[in-house]
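Below is one structure, written out as structure tokens; comments come after it.
Just so you know, these numbers use all the heavy atoms, side chains as well, and skip hydrogens, waters and symmetry mates. Just so you know, these numbers come straight off a predicted model, no measurement behind them. Chain letters run A, B, ... following the sequence lines, proteins first and then strands; every chain starts at 1.
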2 protein chains.
Amino acid sequence: MTASQSQLRADAQENRARVLAVARELFAERGIDVPMAAIARRAGVGVATLYRRFPTKESLVMEAFTEQFAHCQAVIDKALLDEDPWRGFRTVIENVCLLQATDRGFTAAFVSTFPELHSEVRDRTWEGFAALVERAKESGQLRADFSPHDLTLVLLANSGLAGVPVEMAVAASQRLVAYLLEAFRTGTDALPPPVPLSLDLVLC
Amino acid sequence: MTASQSQLRADAQENRARVLAVARELFAERGIDVPMAAIARRAGVGVATLYRRFPTKESLVMEAFTEQFAHCQAVIDKALLDEDPWRGFRTVIENVCLLQATDRGFTAAFVSTFPELHSEVRDRTWEGFAALVERAKESGQLRADFSPHDLTLVLLANSGLAGVPVEMAVAASQRLVAYLLEAFRTGTDALPPPVPLSLDLVLC
DNA sequence: TGACAAGTGGAGACCCCCGTCCACTTGGCT
DNA sequence: AGCCAAGTGGACGGGGGTCTCCACTTGTCA
């Protein structure tokens, strides 16, 4: 029991965890633009504490979203094990888009922390997805001119929905994904119902 | 020749025009978040001049994008006159998405100035598009479960591409639109080529 | 229990934004 | 030519963001 996990004092360790939890909450709710002061306030600590644990805002963002990144990776890995190539492909797109629609900060965190520490993760993800695409094409269920780059296209498009209230964003995302999957495939399915989006909603 | 267009002094009139031109440029290039000071600087005037002509930033945005709004309206009106319902429908979506991909500030301007002065324009646009949808459905070329709200969905999705460099955004937008139109229709077309988007590009 | 390193919070330095104020300049009319 | 209202630009107030500094508190270990 010398250093169960780190040499942080017990109270400090607890504070750190609470900050991280609050950060995840607020980032998901309001995006990564929430002020550090807001996170500190809701966590019941001063800003200094926050900066002592996370030297920069970006490092906090990075740490806060690590589990989401891991989740994505897991989704892809699991999909590769699926016996039905199309179902694997579809599941990846659906899950990632759902995550994106649910967690407001996800995309921004993804891109803002991407170039740095995660290049290996990125490569692994990319390879995994490329393999998934290949499999799905070979099985004849995915159109031949689909490009792995289209994943980015989907992600970018789906990120455009981030502005609307969460439940709407989720519904809208589902419909968008359904449309796109239909275009990607060679069959036809029923779409989820239309979402009564209004342009007034786009900014907060 | 008493007051050819306004009672502004000649030099003031020229300054105003230059400010407006510069604003359009910068808004298109960098989005509506460009500082007023940047616009003033590039236009070769002081900020005061800028605020004298446009009491608030929003009014400048509004005025700068009026022609784009009008363009949208014109596109819809013209499409309603098209003898081929599907082509009209498709053209509207393609044109508006192209505008959106080309002009970085467009979407933000659209939504940020929408609630106020343009509600009548909005309604007219909406009605026009709804009619377009109806026509295209009746002709059997547009799927029956397409909702006019899906226009907003398309616009939101397409706005997600705003972050990447313009040429890429245009290409990406074209591919996205092609995918979506394919899903909206009942036929099949060749897609434009894949765009080698990388996630690193998303933020500037 | 006491000493001290580790931890803390709030004030404030620094920066960037919108919008205003005011002393100075300049176009246009007589 | 000369007057003056119209026009101008830069300094500045106010707000909000990130991150730092430092005097004070608190957990921990002997």
Side-chain angles (χ1 to χ4, degrees), chain A residues 1-23 26-27 29-64 104-105 108-109 112-113 116 203-204, chain B residues 1-23 26-27 29-64 104-105 108-109 112-113 116 203-204:
Chain A
M1 268 178 216
T2 48
S4 67
Q5 181 184 4
S6 74
Q7 45 278 64
L8 271 188
R9 231 165 62 178
D11 56 339
Q13 211 158 336
E14 195 190 304
N15 278 343
R16 185 182 196 282
R18 204 168 52 250
V19 162
L20 213 46
V22 166
L26 289 184
F27 287 155
E29 274 172 30
R30 303 201 245 146
I32 60 171
D33 280 344
V34 287
M36 293 295 258
I39 299 173
R41 196 173 342 110
R42 197 192 282 197
V45 301
V47 278
T49 299
L50 212 148
Y51 277 100
R52 170 174 281 259
R53 296 300 155 233
F54 306 94
T56 185
K57 181 172 185 175
E58 198 199 329
S59 67
L60 174 58
V61 169
M62 180 113 84
E63 178 118 9
R104 225 166 191 170
S112 90
T113 71
E116 319 202 347
L203 282 188
C204 212
Chain B
M1 268 180 214
T2 48
S4 68
Q5 181 183 6
S6 73
Q7 45 279 64
L8 273 187
R9 230 164 63 178
D11 56 340
Q13 211 159 333
E14 195 190 303
N15 278 343
R16 186 181 195 282
R18 204 168 51 250
V19 162
L20 212 48
V22 167
L26 289 183
F27 287 155
E29 274 172 30
R30 304 201 245 145
I32 59 171
D33 280 344
V34 287
M36 292 295 258
I39 299 174
R41 196 171 344 108
R42 196 190 288 195
V45 300
V47 279
T49 299
L50 212 147
Y51 278 101
R52 170 174 282 261
R53 296 298 154 236
F54 306 94
T56 184
K57 181 172 185 175
E58 198 199 327
S59 67
L60 174 59
V61 169
M62 180 112 83
E63 177 119 11
R104 224 168 191 167
S112 89
T113 70
E116 318 200 348
L203 283 189
C204 216

For the student: nearest non-hydrogen atoms of A/Ala108 and A/Ile32, plus distance: CB-CD1, 3.4 Å
Closest listed nucleotide, where the reference is the side chain of [X] and the choices are [options]:
X	options	result
B/Tyr51	C/dT20, D/dG10, D/dT8	C/dT20
B/Ala48	D/dT8, C/dT8, D/dG9	D/dG9
B/Pro35	D/dT18, D/dG7, C/dC17	C/dC17
B/Arg9	C/dG28, D/dG9, D/dC19	C/dG28
A/Val47	D/dG10, C/dG10, C/dG19	C/dG10

Does OP1 or OP2 of [N] have a side-chain N or O of [X] closer than 4.0 Å?
X	N	answer
B/Asn15	D/dT8	yes
B/Thr56	C/dG19	yes
B/Thr49	D/dG9	yes
B/Arg53	D/dT8	yes

For [X] and [N], give me the distance from atom [atom1] to atom [atom2], rounded to whole Å.
X	N	atom1	atom2	answer
B/Glu14	C/dG27	CD	P	11 Å
B/Leu26	C/dC17	CG	P	13 Å
B/Gln13	D/dA6	CD	P	15 Å
A/Asp11	C/dA5	CG	P	17 Å
A/Asp33	D/dT18	CG	C1'	13 Å
B/Arg41	D/dT8	CZ	P	19 Å
A/Lys57	D/dT20	NZ	C1'	17 Å
A/Arg16	C/dT8	CZ	P	12 Å

Position toward the 5' end of DNA chain C (nearest nucleotide), B/Ile32 or A/Gly44: A/Gly44
Derivation of the salt bridge (charged side-chain N to carboxylate O under 4.0 Å, His left out) call for A/Arg53 and A/Glu63: CA-CA 11 Å; A/Arg53 296 300 155 233; A/Glu63 178 118 9; over 6 Å; no
B/Leu60 and B/Leu20, any side-chain heavy atoms less than 4.5 Å apart: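 A side-chain contact under 4.5 Å exists here.
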Sugar-phosphate only, base, or nothing, as touched by B/Ala10 at under 4.0 Å among non-hydrogen atoms: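 Sugar-phosphate contact only.
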Pair B/Thr56-B/Val61, side-chain contact (heavy atoms from CB on, under 4.5 Å): steps then yes or no: CA-CA 9 Å; B/Thr56 184; B/Val61 169; over 6 Å; no
Residue closer to the 5' end of DNA chain D, A/Arg52 versus A/Val34 (nearest nucleotide): A/Val34
Side-chain donor/acceptor of A/Arg104 to backbone N/O of A/Glu29, under 3.5 Å: yes
